[in-house]
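Okay, structure first, notes after.
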2 protein chains.
Amino acid sequence: MGLTKTEIFTQEQNQLAQLLKAMAHPARIAILQQIISANACICGDLVDELGLAQATISQHLKELKNAGIIQGTIEGVSVCYCINPDTWKLLESQIGDFLKLYKGSANCC
Amino acid sequence: MGLTKTEIFTQEQNQLAQLLKAMAHPARIAILQQIISANACICGDLVDELGLAQATISQHLKELKNAGIIQGTIEGVSVCYCINPDTWKLLESQIGDFLKLYKGSANCC
DNA sequence: TTATTGTATCGCAATATTACGATAAGCAGA
DNA sequence: TCTGCTTATCGTAATATTGCGATACAATAA
């Protein structure tokens with residue numbers, strides 16, 4: 001059926017899954033790394049940096065924006081992107097909490 | 001074309017994307033939480049806990065196993081699953097490093 | 001006005017994911 | 001052996017993702 005049954009999971013589980021999914025693509029990881037390493041808003045020179053077509057980059061940017069991870073501001077002709085600090089903080093706490101659940105205990109298997 | 005161009009990204013980017021993708025589904029997050037909260041190997045009572053069909057759960061477990069996040073041991077009739085500590089550590093360091101890149105600096109947008 | 005430039009969107013093709021019923025495979029007990 | 005139990009796999013349907021050419025759109029420059 002290809003459609004996730006979100007209604008049977010908690011809000012937290014769905015939210016975390018959505019954030020992870022938004023980052024679960026090498027191109028989107030590369031885009032985020034570029035944005036961060038520029039340490040500022042980056043205007044769309046991403047097409048030259050990565051080896052993907054402009055339409056493809058634009059689509060990945062859209063997905064990151066939909067997830068709230070980045071935000072774009074129109075700067076004259078071009079658009080500048082930067083990390084959304086609130087979402088990034090949320091991401092850190094949600095993933096952090098989740099990863100901390102496992103303490104390496106339990107001698108099994 | 002529906003096929004990710006892995007060859008233009010670094011090994012790290014592809015690996016992190018793959019790990020994130022394996023967890024980027026609420027059902028798989030729920031499964032991992034169950035396994036961890038049991039603080040031991042969990043035999044397949046997951047079908048009763050989550051509201052998904054047995055075939056679906058088995059498929060999600062397979063994906064988590066393929067990603068190396070969990071491991072399964074045959075325990076007589078049933079199979080016991082637990083976290084793979086090595087992969088979990090890798091996960092923590094990879095995601096941790098990635099999230100730490102952004103320091104909330106840059107007054108932008 | 002007419003380029004030009006930077007992005008977004010459309011539409012398509014190829015492939016992947018999600019979910020599940022049906023069924024198979026493996027093991028333990030009667 | 002036969003039966004029941006647990007898990008894996010197959011096949012299928014519905015939907016999502018990925019990538020890109022073509023094109024539209026908005027803002028500036030000539």
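This is a predicted model, so every value here is computed, not measured. In what follows, chains are A, B, ... by sequence order, proteins preceding strands, each numbered from 1.
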Give the rounded distance in Å between these two atoms: [atom1] of [X] and [atom2] of [N].
X: B:Met23; N: C:dT18; atom1: CE; atom2: P; value: 14 Å
X: A:Lys62; N: D:dG19; atom1: NZ; atom2: P; value: 16 Å
X: B:Asn66; N: C:dT18; atom1: CG; atom2: P; value: 13 Å
X: B:Leu64; N: C:dT17; atom1: CG; atom2: C1'; value: 14 Å
X: B:His60; N: C:dA16; atom1: NE2; atom2: P; value: 18 Å

Q. D:dA8 base to B:Gln54 side chain: any donor-acceptor pair below 3.5 Å?
A.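 For B:Gln54, whose side chain was compared with the base of D:dA8, there is a donor-acceptor pair (under 3.5 Å).
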Q.
Determine whether a donor-acceptor pair (N or O, by modelled atom type, separation under 3.5 Å) exists between the side chain of A:Arg28 and the backbone of A:Ala22.
A.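 Checking the backbone N and O of A:Ala22 against the side chain of A:Arg28, a donor-acceptor pair under 3.5 Å is found.
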Q. Taking the side chain of B:Val79 as its heavy atoms from C-beta onward, which of D:dA8, D:dT15, C:dT18 lies nearest to it?
A.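 Within the option list, the nearest is D:dA8.
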(Q) Counting only side-chain heavy atoms from C-beta out, which of C:dA19, D:dA8, D:dT28 sits nearest to A:Thr4? (A)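 It is C:dA19.
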Quick one: label [X] by what it contacts on the DNA or RNA (base, sugar-phosphate, nothing), any heavy atom closer than 4.0 Å.
X: A:Gln59; result: base
X: A:Ile74; result: nothing
X: A:Ile57; result: nothing
X: B:Ala53; result: sugar-phosphate

Between [X] and [N], is there a contact of a side-chain N or O with OP1 or OP2 at under 4.0 Å?
X: B:Ser58; N: D:dT7; answer: no
X: A:Thr56; N: D:dC20; answer: yes
X: A:Tyr81; N: C:dA8; answer: yes
X: A:Lys21; N: D:dT17; answer: yes

